[in-house]
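Numbers restart at 1 for each chain; the letters A, B, ... are given by sequence-line order, proteins then strands.
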Amino acid sequence: MKPGFYDRPVLEVARDLIGCLVQHEACAGVIVEAEAYHDSEPACHAFAGLTPRTATLFGEPGLAYVYRSYGVHALLNAVTEPVGVGAAVLIRALEPLEGIELMRERRGLEPLRSLCSGPGKLTQALGIGLRHNGVDLEHGAVTIAGRPPAWRDVQVSVDTRIGITKAVELPWRFCASGSRYLSRPVRARV
DNA sequence: CATGGGATTGACT
DNA sequence: GTCAATCCCATGC
């Protein structure tokens with residue numbers, strides 16, 4: 001990504017990440033769904049302030065924040081905004097691109113559409129875990145690269161976030177319009 | 001030190 | 001549609 005890409009308002013970064021490429025070892029996929037979280041609103045882990053758990057969230061933009069959800073799933077986020085601001089983009093769904101056979105082995109012979117159609121599914125499919133918390137998304141084991149040519153002009157739909165109990169009304173979910181690889185369909189469109 | 005909740009998924013009715 | 005699994009860590013006693 002270009003220098004300073006993550007050092008911007010989290011809503012801009014979340015929208016711009018749609019169509020970008022997530023890679024880990026031999027597996028890669030295109031981001032088709034992402035959500036923004038910011039320490040100014042209570043759905044964000046950083047809302048409670050700086051703790052050992054959320055330290056990465058307040059750290060350098062461009063780091064990966066990986067945390068365990070419901071005691072079971074690892075969720076991948078990209079840290080944004082300057083150091084001291086707790087904000088990140090949750091990667092919620094990918095369109096599988098490379099290493100699909102390996103993804104199927106890890107997830108157990110899934111149809112292509114459901115291989116990475118959820119934040120916990122895609123980390124399992126790509127082999128991403130808590131050990132990746134804090135890695136550099138530019139040069140680390142897990143990387144995010146710019147949009148492939150076919151995704152240069154992707155249309156982005158906006159919706160409310162999923163699976164949260166606070167600040168549910170904020171339209172901070174971004175999806176590639178018409179994608180068949182989303183975790184859930186888009187309700188509203190902008 | 002004990003407790004409870006969560007940015008989910010998959011299996012079941 | 002409902003519901004359990006399962007663990008990190010924030011919070012409170």
Mark up nucleotides 6-13 of chain B, 5' to 3', with B wherever a protein heavy atom is under 4.0 angstrom from a base atom, S wherever such an atom reaches only the sugar-phosphate, and - elsewhere. BBBSS---

Lys/Arg cation over aromatic A:Phe174: A:Arg92, 6.0 Å, 45° cone: no

Pairwise salt bridge (charged side-chain N to carboxylate O under 4.0 Å, His left out) hits with a residue in residues 53-66 of chain A, at least two apart: none

Does anything in residues 86-122 of chain A pair up under ring-ring contact (aromatic ring centres under 6.0 Å, His included), and if so which pairs, sequence neighbours excluded? none

Can you tell me the base-pairing partner of C:dT6? Count Watson-Crick or G-U wobble geometry only, both distances below 3.5 Å, and say none if there is no partner. none

What do you reckon, are the aromatic ring centroids of A:His45 and A:Tyr37 less than 6.0 Å apart? no

Taking CZ in A:Arg68 as the centre, count heavy atoms belonging to other residues, nucleotides or ligands within less than 6.0 Å. Is the count above 12? yes

